[in-house]
There are 2 protein chains.
Amino acid sequence: MTRASSRRPGPPTRTERGIPEATVARLPVYLRALTALSDSGIATASSEDLATAAGVNSAKLRKDLSYLGSYGTRGVGYDVEYLRYQIAREIGVTQDWAVVIVGIGNLGHALANYSGFGTRGFRIVALLDADPNLVGERIGDMEVRDFAQLEEIVEADRVSIGVITTPAGPAQDVCDRLVAAGVTSILNFAPVVLSVPDGVDIRKVDLSIELQILAYHEQRKSGEAALPQVPELPAMNGLPDLPSVGGGVGA
Amino acid sequence: MTRASSRRPGPPTRTERGIPEATVARLPVYLRALTALSDSGIATASSEDLATAAGVNSAKLRKDLSYLGSYGTRGVGYDVEYLRYQIAREIGVTQDWAVVIVGIGNLGHALANYSGFGTRGFRIVALLDADPNLVGERIGDMEVRDFAQLEEIVEADRVSIGVITTPAGPAQDVCDRLVAAGVTSILNFAPVVLSVPDGVDIRKVDLSIELQILAYHEQRKSGEAALPQVPELPAMNGLPDLPSVGGGVGA
DNA sequence: AGGAGCTTGTGAACGTGAGAACAAAATCGG
DNA sequence: CCGATTTTGTTCTCACGTTCACAAGCTCCT
Ligand SMILES: NC(=O)c1ccc[n+]([C@@H]2O[C@H](COP(=O)([O-])OP(=O)(O)OC[C@H]3O[C@@H](n4cnc5c(N)ncnc54)[C@H](O)[C@@H]3O)[C@@H](O)[C@H]2O)c1
Ligand SMILES: NC(=O)c1ccc[n+]([C@@H]2O[C@H](COP(=O)([O-])OP(=O)(O)OC[C@H]3O[C@@H](n4cnc5c(N)ncnc54)[C@H](O)[C@@H]3O)[C@@H](O)[C@H]2O)c1
């Protein structure tokens with residue numbers, strides 16, 4: 001995303017050290033599955049085993065792994081430890097990445113308390129908030145610091161990843177500050193579309209959207225042949241008034 | 001089979017009341033953008049306006065909307081309220097969906113405190129946990145209840161959506177219980193692949209995976225031509241020992 | 001040593017999604 | 001009433017992603 005190689009339009013850009021985005025999104029799942037197998041004392045696994053553990057089909061898994069190189073052994077399978085290292089290296093989690101979290105409210109607290117990041121290659125180096133009442137609060141072995149200190153922290157700790165858990169309103173401002181400070185990857189939880197310059201990657205997590213996608217399919221299930229057909233085209237004046245369905249941008 | 005009227009393999013099964021999955025995933029984003037425009041007092045918007053607000057390109061937006069019907073006016077654009085209602089109806093959030101949350105730890109608390117669900121068509125009807133110390137705790141206007149009460153709650157409140165925020169270990173068991181109780185859509189936050197029977201939809205949110213995807217691209221940025229090439233094939237014996245990179249299944 | 005039996009890696013077929021481009025339909029000014 | 005202008009809805013093409021199917025390659029047994 002954002003980081004297009006060099007826009008060569010010609011041939012399919014064969015393995016120019018580039019892995020398809022869909023594959024990149026699955027590598028962490030494979031990594032998790034391999035770690036689970038490893039923890040169970042399993043030393044070798046076939047693509048079938050791995051695929052089952054990762055919840056995908058085995059052809060897809062093999063093709064995904066083939067982008068990294070030939071790390072399996074025909075007739076045998078994959079060495080769990082070896083493959084785990086190769087995937088970790090490819091993703092980049094053999095090193096630790098410094099992360100700041102901005103907005104230590106409900107969600108920020110939960111993330112700050114979460115132990116799972118440290119074991120997966122990420123180190124939270126600061127919890128930032130603009131609310132003076134929060135600054136100074138201790139969470140685990142960290143302390144909430146003033147958002148104004150962002151720039152010095154980013155520089156001192158070489159922070160490249162920022163997590164935004166503020167309300168939607170200030171999210172774009174916070175994002176701009178992060179980018180200006182030198183952060184080049186952002187994970188956004190606020191329900192708003194953030195714009196960033198080229199070279200900065202952004203991903204979003206929106207729980208309401210996930211629920212709405214489930215609701216869509218849920219509606220299909222019940223309505224398969226049961227519900228009385230919903231009115232197709234209610235007159236444009238006099239809509240059944242939605243009590244703010246869809247939700248505003250509000251916190 | 002060959003001549004059966006269902007499962008026609010020929011043409012792309014033109015609009016058999018089916019909307020492409022990629023489009024379904026964007027409809028909530030459009031809904032949010034429309035709500036924001038509506039709140040700003042804007043009554044009409046062109047596909048270009050809407051696309052900007054939603055962070056997509058306008059051709060894609062128009063094509064997405066065309067799956068729902070012809071709700072725009074050529075030369076003018078879309079009536080914001082009208083389109084908002086149509087999308088809300090298509091997604092199914094003109095009605096309220098009952099939701100239970102299982103596992104009221106760090107993340108469960110954050111979700112329980114979140115006001116954004118109610119305004120988007122979802123009603124949290126129960127917070128469930130297996131820990132007796134948590135049962136009875138008040139969060140907002142709700143009280144944590146015993147997980148054992150799951151079945152009666154699902155039946156009483158016609159719950160169709162369940163959210164899992166337990167540790168990875170018990171997640172599959174919790175999932176099975178939810179399904180057995182009648183829940184047919186599940187949103188899973190535990191870092192583990194859950195298996196469900198046909199007819200049950202499942203979506204996952206995994207923050208570590210999001211961070212790892214960012215890390216992959218981040219690595220590419222710095223390594224574009226700078227880093228000394230990482231050793232391509234370390235000997236299979238004597239791997240640089242990862243201090244549990246990839247993270248176990250542990251909570 | 002040689003063949004049987006597995007399992008990987010990949011070429012090719014198929015399906016889905018994205019974006020450019022444009023004809024059709026609506027408004028508006030004269 | 002007509003033509004200029006705007007913007008939608010749709011068609012066409014290309015890119016991307018998934019799945020099938022199988023030759024290549026490895027191990028093990030006889
Ligand atoms: N809590 C949830 O379960 C949940 C679910 C889905 C989405 N979200 C989204 O996540 C975000 C955070 O949710 P929350 O419930 O934690 O909200 P919250 O109100 O509890 O916390 C927001 C925090 O951000 C801080 N903040 C506000 N402006 C700031 C600024 N300019 N700079 C730095 N910090 C600032 C506030 O002081 C507060 O501590 C919101 O955008 C919300 O929509 C939350
Ligand atoms: N907290 C985060 O920021 C975060 C981030 C990423 C992923 N996660 C994942 O989300 C999940 C929850 O995280 P958390 O930090 O809230 O964990 P937590 O340990 O704080 O909370 C888990 C809760 O689940 C309850 N529970 C355990 N077994 C149960 C069972 N069988 N039935 C019902 N309830 C049960 C526990 O009593 C506890 O209250 C974990 O799987 C974690 O890996 C959390």
Side-chain angles (χ1 to χ4, degrees), chain A residues 1-2 4-16 18-27 29-30 34 42-80 82-83 86-87 236, chain B residues 7-16 18-27 29-30 34 42-80 82-83 86-87 213 236:
Chain A
M1 190 129 320
T2 309
S5 38
S6 20
R7 283 282 160 257
R8 177 147 40 111
T13 322
R14 175 75 68 178
T15 316
E16 190 189 83
I19 296 179
E21 197 53 36
T23 296
V24 170
R26 283 187 294 265
L27 290 179
V29 179
Y30 302 155
L34 284 164
I42 295 170
T44 302
S46 70
S47 62
E48 200 66 53
D49 299 337
L50 262 176
T52 304
V56 301
N57 97 18
S58 65
K60 182 148 64 180
L61 179 131
R62 285 199 302 278
K63 173 148 283 196
D64 283 342
L65 294 185
S66 77
Y67 290 113
L68 312 192
S70 274
Y71 296 139
T73 306
R74 294 171 192 227
V76 177
Y78 300 89
D79 180 280
V80 171
Y82 183 60
L83 183 58
Q86 294 299 342
I87 293 181
M236 285 200 42
Chain B
R7 286 289 160 253
R8 177 152 34 114
T13 320
R14 177 72 71 178
T15 315
E16 191 186 81
I19 296 178
E21 196 55 35
T23 296
V24 170
R26 282 186 296 266
L27 290 180
V29 179
Y30 303 155
L34 285 164
I42 295 171
T44 301
S46 70
S47 63
E48 200 66 53
D49 299 337
L50 261 178
T52 303
V56 301
N57 96 18
S58 64
K60 183 150 60 181
L61 179 130
R62 285 199 301 279
K63 182 179 274 198
D64 283 343
L65 293 186
S66 78
Y67 289 114
L68 312 193
S70 276
Y71 295 138
T73 306
R74 294 171 191 227
V76 177
Y78 299 90
D79 180 281
V80 171
Y82 183 61
L83 183 58
Q86 294 299 341
I87 294 180
I213 295 171
M236 284 201 42

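These figures come from a predicted structure and were not determined experimentally. So that the names make sense, note that chain A is the first sequence line, chain B the second, and so on, each numbered from 1.
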* Within a strict 4.5 Å, meaning less than it, do heavy atoms of the A/L50 and A/V80 side chains meet? -> no

* Can you find a pair of side-chain heavy atoms, one from B/L83 and one from B/D79, that are under 4.5 Å apart? -> no

* Residues in side chain to side chain donor-acceptor pair (under 3.5 Å) contact with A/T52, at least two apart in sequence or another chain -> none

* Asked: Rounded to whole angstroms, how far apart are CD1 on A/I19 and C1' on D/dG17?
  -> 15 Å

* By side chain to side chain donor-acceptor pair (under 3.5 Å) - contacts of A/T23 (at least two apart) -> A/D64

* Rounding to 10 degrees, work out the angle separating the end axes of the helix from C/dA1-D/dT30 to C/dG30-D/dC1 (five pairs an end). => 0°

* To do: Under 4.0 Å between any heavy atoms, over every strand shown, what does A/E48 touch: base, sugar-phosphate, or nothing? Just pick one.
  => nothing

* To do: Identify which nucleotide among D/dG9, C/dT7, D/dG17 has an atom closest to any side-chain atom of A/S46, counting heavy atoms from C-beta outward.
  => C/dT7

Produce the list of close N/O pairs, under 3.5 Å, pairing protein atoms with atoms of nucleotides 19-22 of chain C; give distances to one decimal.
unit_1 : atom_1 : unit_2 : atom_2 : d
C/dG19 : OP2    : B/N57  : ND2    : 3.4
C/dG19 : OP2    : B/K60  : NZ     : 3.2
C/dG19 : O5'    : B/N57  : ND2    : 3.4
C/dG19 : O6     : B/K63  : NZ     : 2.5

* Looking at C/dT7, C/dT10, D/dT8, which one has an atom nearest to any side-chain atom of B/S47? -> D/dT8

* To do: Verify the contact: side-chain N or O of B/Y67 to OP1 or OP2 of C/dT16, cut-off strictly under 4.0 Å; return yes or no.
  => no

* Asked: Within a strict 4.5 Å, meaning less than it, do heavy atoms of the A/Y78 and A/L34 side chains meet?
  -> no

* Structure fact -> In short, salt bridge (Lys or Arg N to Asp or Glu O under 4.0 Å) pairs touching residues 44-63 of chain A with sequence neighbours left out are none

* **Phosphate contact (C/dT7 OP1 or OP2) by A/Y71 side-chain N/O below 4.0 Å** => no

* Structure fact -> To the nearest angstrom, the CD-P distance between B/E21 and C/dG17 comes to 8 Å

* To do: Using atom CG of A/L83 as one end and atom C1' of C/dT8 as the other, report the distance to the nearest whole Å.
  => 12 Å

* Between atom CG in B/D64 and atom P in C/dT16, what is the gap in whole Å? -> 16 Å

* In whole angstrom, what separates B/Y78's OH from D/dT6's P? -> 18 Å

* Asked: Which nucleotide in the set C/dT10, D/dT10, D/dT8 lies at the smallest distance from any side-chain heavy atom of B/S66?
  -> D/dT10

Restricting to nitrogen or oxygen on both sides, can you table the protein-nucleotides 24-30 of chain C pairs closer than 3.5 Å?
unit_1 : atom_1 : unit_2 : atom_2 : d
C/dA24 : N3     : B/R74  : NH1    : 2.7

